[in-house]
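Remarks on the structure that follows.
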Amino acid sequence: QVQLVESGGGLVQPGGSLRLSCVASGRIFRIDAMAWYRQAPGKQRESVATVTSGRSTTYTDSVKGRFAISRDNAKNTVYLQMNSLKPEDTAVYYCAADIVGTDYVRNDYWGQGTQVTVSL
């Protein structure tokens with residue numbers, strides 16, 4: 001099977017930075033798009049940033065200019081560099097990936113989530 005494991009969340013003051021990582025492991029043939037989502041208390045899960053296999057990126061408007069998504073294909077890892085963090089960025093952050101397994105079946109996989117809290 002395939003697993004995604006996030007790390008790097010925590011408590012940070014407004015204006016601070018965090019870097020999230022997500023490693024995919026298991027029976028992987030190919031990883032296509034990778035993405036970060038977030039869900040704040042009482043709100044729906046939203047897409048934050050996406051990176052394609054060709055490294056094209058998209059961002060939700062609220063994080064443009066502050067967050068940067070990147071990937072290391074050799075390590076099956078996606079990163080989210082978050083700068084100038086605001087209290088409204090507080091949420092559980094999830095990584096997701098579109099993965100073709102060694103059985104050549106494509107599925108979407110999700111990590112378990114990592115908490116990011118921006119507060120004094």
Side-chain angles (χ1 to χ4, degrees):
Q1 273 293 354
V2 173
Q3 284 187 318
L4 300 182
V5 179
E6 301 107 331
S7 61
L11 173 64
V12 63
Q13 293 186 352
S17 297
L18 282 176
R19 189 193 195 204
L20 305 183
S21 300
C22 174
V23 181
S25 63
R27 299 176 181 269
I28 297 170
F29 173 70
R30 186 182 72 243
I31 302 177
D32 292 331
M34 304 183 83
W36 288 95
Y37 288 74
R38 66 185 179 187
Q39 187 166 20
K43 295 188 176 181
Q44 290 189 333
R45 189 174 298 189
E46 65 169 347
S47 174
V48 176
T50 301
V51 58
T52 67
S53 57
R55 292 186 168 82
S56 294
T57 59
T58 57
Y59 299 91
T60 192
D61 286 346
S62 62
V63 308
K64 285 180 180 177
R66 300 188 298 123
F67 290 11
I69 188 171
S70 61
R71 63 191 287 171
D72 184 333
N73 292 332
K75 296 181 179 179
N76 288 345
T77 300
V78 62
Y79 305 97
L80 186 67
Q81 178 67 44
M82 304 186 293
N83 299 324
S84 302
L85 282 160
K86 304 175 181 180
E88 51 264 44
D89 295 317
T90 296
V92 178
Y93 283 71
Y94 299 89
C95 72
D98 184 10
I99 295 176
V100 178
T102 53
D103 57 0
Y104 304 109
V105 175
R106 178 189 301 275
N107 279 302
D108 291 331
Y109 293 90
W110 291 82
Q112 80 287 355
T114 185
Q115 177 70 46
V116 171
T117 303
V118 185
S119 179
L120 292 171

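Keep in mind the model is a prediction, meaning the values are calculated, not measured.
Among residues two or more places apart in sequence or in another chain, the salt bridge (charged side-chain N to carboxylate O under 4.0 Å, His left out) test is passed with Arg106 by Asp32, Asp98.
When every heavy atom of Arg71 is checked against every heavy atom of Val51, the shortest pair comes out as NH1-O, 3.4 Å. Scanning both residues, Asn83 and Ser17, for their nearest heavy atoms gives OD1-OG, 2.9 Å. When every heavy atom of Tyr94 is checked against every heavy atom of Glu6, the shortest pair comes out as CA-OE2, 3.3 Å. Summarising the geometry of Thr50 relative to Ala35, their closest heavy-atom pair is OG1-CB, 3.7 Å, with the distance given to 0.1 Å. Nearest heavy-atom pair, Gln39 versus Ala91, reported as atom, atom and distance to 0.1 Å: O-CB, 3.4 Å. Considering every non-hydrogen atom in both Thr60 and Ser47, the closest pair reads CB-O, 3.5 Å.
Taking 4.5 Å as the limit, some side-chain heavy atom of Ser119 sits within range of a side-chain heavy atom of Leu11. Between Val78 and Ile69, the closest side-chain pair of non-hydrogen atoms falls below 4.5 Å. Within the 4.5 Å cutoff, side-chain heavy atoms of Leu18 are placed close to those of Val116. When side chains are defined from C-beta on, Pro14 counts as touching Leu120, because their heavy atoms get closer than 4.5 Å.
Arg27 places no side-chain N or O within donor-acceptor distance of the main-chain N or O of Thr102, the cut-off being under 3.5 Å. Using modelled atom types, no side-chain atom of Tyr59 and backbone atom of Gly65 make a donor-acceptor pair closer than 3.5 Å. Using a distance-only test at 3.5 Å, with no hydrogens or angles considered, no donor-acceptor pair links the side chain of Arg30 to the main chain of Tyr104.
Val63 and Leu85 fall within the same hydrophobic cluster, where Ile, Leu, Val, Met, Phe, Trp and Tyr residues are linked whenever their side-chain heavy atoms come under 4.5 Å apart, directly or through other members. Hydrophobic clustering (side-chain heavy atoms under 4.5 Å, transitive across Ile, Leu, Val, Met, Phe, Trp, Tyr) groups Tyr93 together with Val12. Hydrophobic clustering (ILVMFWY, side-chain heavy atoms < 4.5 Å, transitive): Trp110 and Val92 are in one cluster. Val118 and Leu80 fall within a single hydrophobic cluster, where Ile, Leu, Val, Met, Phe, Trp and Tyr side chains are chained together by heavy-atom contacts under 4.5 Å. Under a hydrophobic-cluster definition in which Ile, Leu, Val, Met, Phe, Trp and Tyr are linked whenever side-chain heavy atoms come within less than 4.5 Å, directly or via other members, Val100 and Met34 are assigned to different clusters.
Atoms CG and OG1, on Leu4 and Thr77 in that order, are 10.0 Å from each other to the nearest 0.5 Å. Here CG of Leu20 is found 4.5 Å from CH2 of Trp36. Values are rounded to the nearest 0.5 Å. For the atom pair CD1 (Ile28) and CD (Gln3), the distance works out to 10.0 Å, reported to the nearest 0.5 Å. Put simply, CZ on Phe29 and CD1 on Ile99 are 13.0 Å apart, with the number rounded to the nearest 0.5 Å. Residue Cys95 holds its SG atom at 15.5 Å from CZ of Arg38, rounded to the nearest 0.5 Å. For the atom pair OG of Ser84 and CZ of Phe67, the computed distance is 9.0 Å after rounding to the nearest 0.5 Å.
By the neighbour-count criterion of 12 heavy atoms within 6.0 Å, atom CD of Glu88 is densely surrounded, having more than that number from other residues, nucleotides or ligands.
Lys64 and Asp61 are joined by a salt bridge, as a carboxylate oxygen and a charged side-chain nitrogen come within less than 4.0 angstrom of each other.
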